[in-house]
Amino acid sequence: FNKVYIFMININLYAVPAPGQRIKGEDQFLGTVRTHMHKAPLTALTANLEERLGEEGIIAAIRIVDMQTRNTSIEKYGEFDFGGLKLEKYRVGCSFNDVEDSVKESDIVGINANFTHSRLIVTDFAKYVKQKNKKAVVVIGGTDATSDPEYYLRNDADVVVKGEGEVTFRRLIK
């Protein structure tokens, strides 16, 4: 006699706002701020995930939330001195509050951390998630998270996935 257990889980995967820097008092960003790049790591992670989890008795609602292209705004979040120049740091994309509803409904929040220059935005968002949804499990993956998992674990990640996440993430959900 085999029992079948069915679980429903809400998984939201986030591409956090892109980083941009400006010289204080100037309107132009230093370098290119790329908000419209394909979110390949997140799409690769979700490919066939709902189907595979369903085969294991887990009903999952999986959604990619692209914060870089949604309600695009520019929000200053800090500044620093760089060789006598004051540089201002900006988040380009929607504000954290714009995704509050999806954060609150999440059982698992996945955050892509591929670039070191985005790590503060990633961890600020992880802290925001923990503030808005104490039950959510925050999972951070990507090349920067792989290279420095301790940083993310010290900054509100519950789990850091090192390397390719397709198999690991499915096991984690299960």
Side-chain angles (χ1 to χ4, degrees), residues 1-19 34-72 91-116 118-119 121-174:
F1 181 92
N2 290 332
K3 289 186 178 181
V4 176
Y5 296 97
I6 303 289
F7 297 96
M8 175 60 179
I9 190 163
N10 287 312
I11 303 165
N12 288 312
L13 306 174
Y14 293 85
V16 297
R34 291 183 169 85
T35 56
H36 286 78
M37 291 178 55
H38 187 272
K39 309 309 186 260
L42 297 179
T43 56
L45 187 62
T46 60
N48 298 319
L49 186 59
E50 285 182 7
E51 182 180 327
R52 289 182 183 173
L53 289 171
E55 292 168 358
E56 298 175 22
I58 301 168
I59 299 171
I62 303 169
R63 184 169 65 161
I64 295 173
V65 181
D66 184 355
M67 296 175 69
Q68 296 177 359
T69 59
R70 181 180 180 174
N71 301 335
T72 304
R91 293 191 288 249
V92 180
C94 73
S95 75
F96 295 171
N97 288 334
D98 286 344
V99 296
E100 182 177 350
D101 290 343
S102 68
V103 165
K104 286 182 174 179
E105 73 181 14
S106 299
D107 297 305
I108 296 176
V109 167
I111 308 171
N112 184 24
N114 271 337
F115 305 106
T116 303
S118 297
R119 66 174 29 195
I121 296 172
V122 169
T123 56
D124 283 350
F125 186 65
K127 288 176 171 82
Y128 176 84
V129 169
K130 289 297 190 179
Q131 179 185 46
K132 296 296 179 180
N133 183 350
K134 300 202 184 312
K135 71 173 178 66
V137 176
V138 174
V139 180
I140 300 178
T143 53
D144 194 57
T146 294
S147 69
D148 193 2
E150 292 82 16
Y151 169 82
Y152 291 96
L153 291 169
R154 286 191 312 269
N155 287 283
D156 287 308
D158 295 306
V159 177
V160 172
V161 174
K162 292 176 69 175
E164 299 300 319
E166 288 85 345
V167 173
T168 303
F169 194 60
R170 189 174 93 235
R171 287 182 181 160
L172 175 70
I173 294 165
K174 188 175 173 186

First locate atom [atom1] of [X], then atom [atom2] of [Y], and finally report the distance between them rounded to the nearest 0.5 Å.
X: I11; Y: I64; atom1: CD1; atom2: CD1; result: 11.5 Å
X: T46; Y: L13; atom1: OG1; atom2: CG; result: 6.5 Å
X: E56; Y: K174; atom1: CD; atom2: NZ; result: 4.0 Å
X: N12; Y: I111; atom1: CG; atom2: CD1; result: 11.0 Å
X: K162; Y: D148; atom1: NZ; atom2: CG; result: 10.0 Å
X: I58; Y: M8; atom1: CD1; atom2: CE; result: 12.0 Å

Handout entry: Criterion side-chain contact (heavy atoms from CB on, under 4.5 Å) on Y152 and V138, from CA distance to verdict
Key = CA-CA 10 Å; Y152 291 96; V138 174; over 6 Å; no
[X] and [Y]: which non-hydrogen atoms are nearest, and at how many Å?
X: L53; Y: I62; answer: CD1-CD1, 4.5 Å
X: V137; Y: D158; answer: CA-OD2, 3.4 Å
X: C94; Y: V99; answer: SG-CG1, 3.9 Å
X: I140; Y: A157; answer: CD1-CB, 3.6 Å
X: G142; Y: N114; answer: CA-OD1, 3.2 Å
X: A136; Y: S106; answer: CB-O, 3.8 Å

Could you check whether any side-chain heavy atom of [X] comes within less than 4.5 Å of a side-chain heavy atom of [Y], counting everything from C-beta outward?
X: Y14; Y: V129; answer: no
X: L45; Y: N112; answer: no
X: D107; Y: K135; answer: yes
X: T72; Y: T35; answer: no

- Considering only NZ, NE, NH1 and NH2 on the basic side and carboxylate oxygens on the acidic side, decide whether R63 and E105 come within less than 4.0 Å. yes
Practice prompt. May I ask you to check whether over 12 heavy atoms, not counting those of E164, lie within 6.0 Å of atom CD?
Written response: no
With sequence neighbours left out, the residues meeting salt bridge (Lys or Arg N to Asp or Glu O under 4.0 Å) with K127 are none
R91 charged N/C atom sitting above F96 aromatic ring, 6.0 Å / 45°
yes
Do we see a donor-acceptor contact under 3.5 Å between the side chains of Y128 and D156?
no
M67/D98 under side-chain contact (heavy atoms from CB on, under 4.5 Å): CA gap, chis, key distance, verdict: CA-CA 9 Å; M67 296 175 69; D98 286 344; over 6 Å; no
So, does T69 use its side chain to make a donor-acceptor pair with the main chain of H36 at under 3.5 Å? no
Given side-chain hydrogen bond (donor to acceptor under 3.5 Å, both in side chains), test Y151 with D144 step by step and report yes or no. CA-CA 10 Å; Y151 169 82; D144 194 57; over 6 Å; no
Next item on the list: Begin from the C-alpha positions of N48 and E166 and carry the test side-chain contact (heavy atoms from CB on, under 4.5 Å) through to its verdict.
Entry: CA-CA 10 Å; N48 298 319; E166 288 85 345; over 6 Å; no
